[in-house]
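Okay, structure first, notes after.
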Amino acid sequence: MNTTVSTIVIAGALLLMLASLIVAIRNRPMGMVLLVGFALLEVAVLVQAGFVIAAVAGGAGPDEKATLFGYLGGQVLIPPAGVFLALAERSRWGPAILTVAGFAIAVMTARLLQIWQGTA
């Protein structure tokens with residue numbers, strides 16, 4: 001697992017979480033900046049998933065593959081689901097949903113690193 005990509009994903013997710021929280025506190029609906037930000041986050045998550053799948057195919061990785069791929073699959077689904085729900089909810093709760101999605105991506109990426117390194 002590439003720690004540089006993981007660091008980028010965690011930093012981007014936390015930055016988007018903070019931006020979404022500010023938008024929610026200001027009682028505004030989700031804007032184009034958050035939409036593009038979460039699209040870029042999804043690309044970063046897919047790149048990370050590609051690195052993980054390639055490393056596992058090469059024989060690297062932890063013994064517990066089911067947990068690893070469970071986290072990886074869930075992580076890939078969170079940004080599109082969060083954006084879909086935020087677009088459906090045009091009040092302050094749309095960006096609040098994105099706040100939770102950004103936090104979830106950061107935590108799941110940190111957990112993936114723990115699983116990969118065998119410290120979990």
Side-chain angles (χ1 to χ4, degrees):
M1 187 165 173
N2 191 328
T3 56
T4 304
V5 175
S6 298
T7 303
I8 291 169
V9 169
I10 291 171
L14 291 176
L15 183 66
L16 284 168
M17 181 193 77
L18 182 61
S20 299
L21 182 62
I22 290 169
V23 171
I25 289 171
R26 292 183 65 210
N27 199 17
R28 306 260 189 226
M30 182 183 77
M32 188 58 76
V33 172
L34 289 178
L35 183 64
V36 170
F38 272 89
L40 291 174
L41 181 63
E42 177 68 11
V43 169
V45 167
L46 289 173
V47 167
Q48 177 181 345
F51 278 122
V52 170
I53 291 169
V56 169
D63 293 332
E64 185 57 42
K65 305 270 192 277
T67 305
L68 179 75
F69 286 120
Y71 272 93
L72 204 59
Q75 192 178 26
V76 168
L77 295 176
I78 288 176
V83 167
F84 175 76
L85 291 172
L87 286 173
E89 179 60 51
R90 297 302 291 173
S91 68
R92 79 166 27 184
W93 298 110
I97 292 168
L98 292 180
T99 302
V100 173
F103 181 71
I105 290 295
V107 170
M108 288 180 82
T109 303
R111 182 75 176 123
L112 273 171
L113 279 170
Q114 289 177 341
I115 292 168
W116 189 265
Q117 295 167 351
T119 58

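Positions are given from 1 along the sequence. Values below: every heavy atom of this structure, side chains too, minus hydrogens, waters and symmetry copies.
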If you take all heavy atoms of [X] and [Y], which pair is closest and at what distance?
X: Pro95; Y: Pro29; answer: CG-C, 4.1 Å
X: Ala24; Y: Ala96; answer: CB-N, 3.9 Å
X: Pro62; Y: Ile115; answer: CB-O, 3.5 Å
X: Gly102; Y: Ala13; answer: O-CB, 3.4 Å

Do [X] and [Y] share a hydrophobic cluster, counting only Ile, Leu, Val, Met, Phe, Trp and Tyr and linking them when any side-chain heavy atoms are less than 4.5 Å apart?
X: Leu46; Y: Val36; result: yes
X: Val47; Y: Ile53; result: yes
X: Val83; Y: Leu15; result: no
X: Leu77; Y: Tyr71; result: no
X: Leu40; Y: Ile78; result: yes

For the [atom1] atom of [X] and the [atom2] atom of [Y], what is their distance to the nearest 0.5 Å?
X: Leu41; Y: Gln48; atom1: CG; atom2: CD; answer: 9.5 Å
X: Leu112; Y: Thr67; atom1: CG; atom2: OG1; answer: 10.0 Å
X: Trp116; Y: Leu72; atom1: CH2; atom2: CG; answer: 9.5 Å
X: Met108; Y: Leu113; atom1: CE; atom2: CG; answer: 12.5 Å
X: Met30; Y: Leu85; atom1: CE; atom2: CG; answer: 10.5 Å
X: Leu98; Y: Phe38; atom1: CG; atom2: CZ; answer: 4.5 Å

### Task
Please lay out, stage by stage, how Thr109 and Gln75 fare under the test side-chain contact (heavy atoms from CB on, under 4.5 Å).
CA-CA 8 Å; Thr109 303; Gln75 192 178 26; 2.3 Å; yes
### Task
Please say whether more than 12 non-hydrogen atoms of neighbouring residues, nucleotides or ligands are located less than 6.0 Å from CG in Asn27.
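Count over threshold, so yes.
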### Task
Taking atom CZ of Phe103 as the centre, report whether more than 12 heavy atoms of other residues, nucleotides or ligands fall under 6.0 Å from it.
no
Tell me which donor-acceptor pairs under 3.5 Å the side chains of residues 5-12 have, and how far apart each pair is, sequence neighbours excluded?
unit_1 : atom_1 : unit_2 : atom_2 : d
Ser6   : OG     : Asn2   : O      : 3.1
Thr7   : OG1    : Thr3   : O      : 2.7

### Query
Heavy-atom distance under 4.5 Å between the side chains of Arg92 and Val23, does that happen here?
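SC-SC contact between Arg92 and Val23 ruled out.
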### Task
Please determine which of Leu16, Leu14, Val45, Val100 meets the side chain to side chain contact (heavy atoms under 4.5 Å, CB included) test together with Ile105.
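Going through Leu16, Leu14, Val45, Val100 one by one, the side chain to side chain contact (heavy atoms under 4.5 Å, CB included) with Ile105 is satisfied by Val45 alone.
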### Query
What side-chain hydrogen bond (donor to acceptor under 3.5 Å, both in side chains) pairs are there with at least one residue in residues 77-90, not counting sequence neighbours?
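Every side-chain hydrogen bond (donor to acceptor under 3.5 Å, both in side chains) pair that includes a residue of residues 77-90, provided the two are not neighbours, is Glu89-Ser91.
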